[in-house]
Amino acid sequence: MKARVVEPGQELGELHTFKRQRDERCSLLMTEDSAREVSAERFARLYERHADRIYGLCLRMSGDSARATELTQDVFIRAWRNIDRMRSGSDPGGWVWRLAVNVVLNGLRSDRRLRAREELVGDVTPHLRLQTPATPIPLKRIALDTALRRLPPKARKVYILHDVEGHSQDECALLLGIAPGTVRAQLHRARKLMREVLER
C-alpha cells in the first residue's frame with residue numbers, strides 16, 4: 001500500500017473545505033428546524049381559528065358527533081402534512097375548508113362502501129339502554145338535527161353547503177362534483193323534506 005503524500009498547503013486546504021461543508025450542513029439543518037417551527041406556528045394558528053367551524057361542517061355533513069370528531073381529526077392531520085403547500089397570501093380558512101369538504105365527502109363514500117359490505121345482524125336497539133342527556137337541549141335544535149339526519153345523504157350535503165354554510169349553487173356543484181341542475185334538484189328536495197319533518 002502506498003503512503004499518501006500531503007503537500008504542506010494541501011492539509012490546510014482540506015481542513016477549510018471540511019469546515020465549509022460542515023458549516024453548510026449545520027446551516028441547512030438550522031434552516032429546516034426554523035422552517036418546522038414556522039410550520040408549527042402556522043398550523044397552531046390555523047387550528048385555533050378554524051377547528052370549531054370545521055367540526056361544525058363535519059357534524060352537519062355526517063350527522064354523527066363521533067364520526068364528526070374523527071373527520072375533523074383527519075382534516076387537521078392532512079392540513080399538518082400539507083401546510084407547506086398552502087401558498088403564502090392565500091386564505092388559510094378557505095384552504096382548510098376545501099380540504100375539509102374533500103375529507104368529509106371521501107369519508108362518507110368510504111362509510112357507504114363499508115355499510116354495503118356489512119351483513120345486517122338484526123335489531124339490537126331493544127338490548128341497548130338509552131340514556132337521557134344530563135342537561136336539557138332546546139327542542140328546536142333537536143328537531144332541526146333530527147330533520148337533517150332524515151334527509152337522504154346527497155340532499156343533506158347540498159342543503160348544508162348551500163343553506164347552512166352559504167355556498168352558491170355553482171360552488172356546491174364544484175365541491176360535490178355534480179351538475180348545477182342536480183344541486184338545484186337536491187336542494188329543492190331537501191327543503192321540501194325539511195319542511196315536512198319540521199311541520200309535524
Side-chain angles (χ1 to χ4, degrees), residues 41-113 133 135-200:
E41 289 172 11
R42 283 176 73 191
F43 178 77
R45 281 194 308 272
L46 182 76
Y47 183 82
E48 288 170 7
R49 290 181 184 155
H50 302 287
D52 292 339
R53 186 171 167 233
I54 297 302
Y55 174 76
L57 170 72
C58 294
L59 179 62
R60 285 185 294 274
M61 289 185 77
S62 70
D64 178 25
S65 61
R67 186 66 176 124
T69 302
E70 292 172 3
L71 289 168
T72 303
Q73 185 176 10
D74 289 347
V75 168
F76 283 103
I77 288 172
R78 290 197 190 173
W80 170 251
R81 289 179 182 158
N82 297 309
I83 193 88
D84 295 332
R85 291 184 183 175
M86 186 173 61
R87 291 188 305 259
S88 61
S90 66
D91 175 28
W95 179 77
V96 77
W97 184 265
R98 284 187 300 278
L99 184 65
V101 169
N102 290 334
V103 167
V104 171
L105 292 175
N106 288 336
L108 294 177
R109 273 189 218 111
S110 174
D111 293 348
R112 202 169 36 251
R113 282 192 302 266
T135 56
I137 300 171
L139 292 178
K140 287 185 181 181
R141 177 71 183 188
I142 292 173
L144 184 61
D145 288 343
T146 302
L148 275 173
R149 277 193 215 102
R150 289 186 181 169
L151 290 177
K154 289 180 183 176
R156 179 174 51 231
K157 291 174 195 171
V158 170
Y159 182 82
I160 288 169
L161 287 174
H162 187 274
D163 284 5
V164 177
E165 299 299 333
H167 290 282
S168 70
Q169 291 179 359
D170 291 334
E171 290 172 332
C172 292
L174 185 65
L175 289 169
L176 297 171
I178 57 178
T182 306
V183 169
R184 284 189 289 279
Q186 291 291 343
L187 187 58
H188 175 74
R189 180 180 182 199
R191 287 174 176 166
K192 181 181 174 191
L193 291 171
M194 288 291 284
R195 269 192 301 274
E196 290 173 3
V197 172
L198 292 174
E199 288 174 356
R200 289 183 191 169

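Predicted model only: the values in this text are computed from it and were never measured. Positions are given from 1, in the same order as the sequence printed here.
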What's the spacing between L105 CG and L175 CG if we round to 0.5 Å? 8.0 Å

Under 3.5 Å, is there a donor-acceptor pair linking the side chains of H167 and W97? yes

Are the charged groups of R67 and E70 less than 4.0 angstrom apart, N to O? yes

Under 4.5 Å between any side-chain heavy atoms of V103 and T72, yes or no? no

Separation between CD (E171) and CD (Q169), nearest 0.5 Å, reads 11.0 Å

Measuring from atom CD of Q186 to atom NE2 of H162, what distance do you get when rounded to the nearest 0.5 angstrom? 13.5 Å

For the student: nearest non-hydrogen atoms of A179 and A173, plus distance: C-CB, 4.0 Å

Stepwise, does the side-chain contact (heavy atoms from CB on, under 4.5 Å) test hold for M194 with R189? CA-CA 9 Å; M194 288 291 284; R189 180 180 182 199; over 6 Å; no

I54 pairs by side chain to side chain contact (heavy atoms under 4.5 Å, CB included) with which of L46, V104, V75, L71? V75

Return the CG to CG distance between N102 and D74, rounded to the nearest 0.5 Å. 13.0 Å

Considering residues, nucleotides and ligands other than E196, do more than 12 of their heavy atoms fall under 6.0 Å from its CD? yes

P152 side chain near L193 side chain, heavy-atom distance below 4.5 Å: yes

For W80 and Y47, what are the C-alpha separation, side-chain angles and deciding distance, and is it a side-chain contact (heavy atoms from CB on, under 4.5 Å)? CA-CA 10 Å; W80 170 251; Y47 183 82; over 6 Å; no

CZ of F43 to CD of E48, rounded to nearest 0.5 Å, is 10.5 Å

Criterion side-chain contact (heavy atoms from CB on, under 4.5 Å) on Y159 and C172, from CA distance to verdict: CA-CA 9 Å; Y159 182 82; C172 292; over 6 Å; no

Using only atom types and a distance under 3.5 Å, with no angle test, would you say the side chain of S110 pairs donor to acceptor with the backbone of N106? no

Grab the two heavy atoms, one from L57 and one from A100, that are nearest each other, plus how far apart they are. CD2-CB, 3.8 Å

Any non-hydrogen side-chain atom of L108 less than 4.5 Å from a side-chain atom of P153? no

Between T182 (side chain) and I178 (backbone), is there a donor-acceptor pair under 3.5 Å? no

Apply side-chain contact (heavy atoms from CB on, under 4.5 Å) to residues K157 and L176 and explain how you reach the verdict. CA-CA 8 Å; K157 291 174 195 171; L176 297 171; 4.1 Å; yes

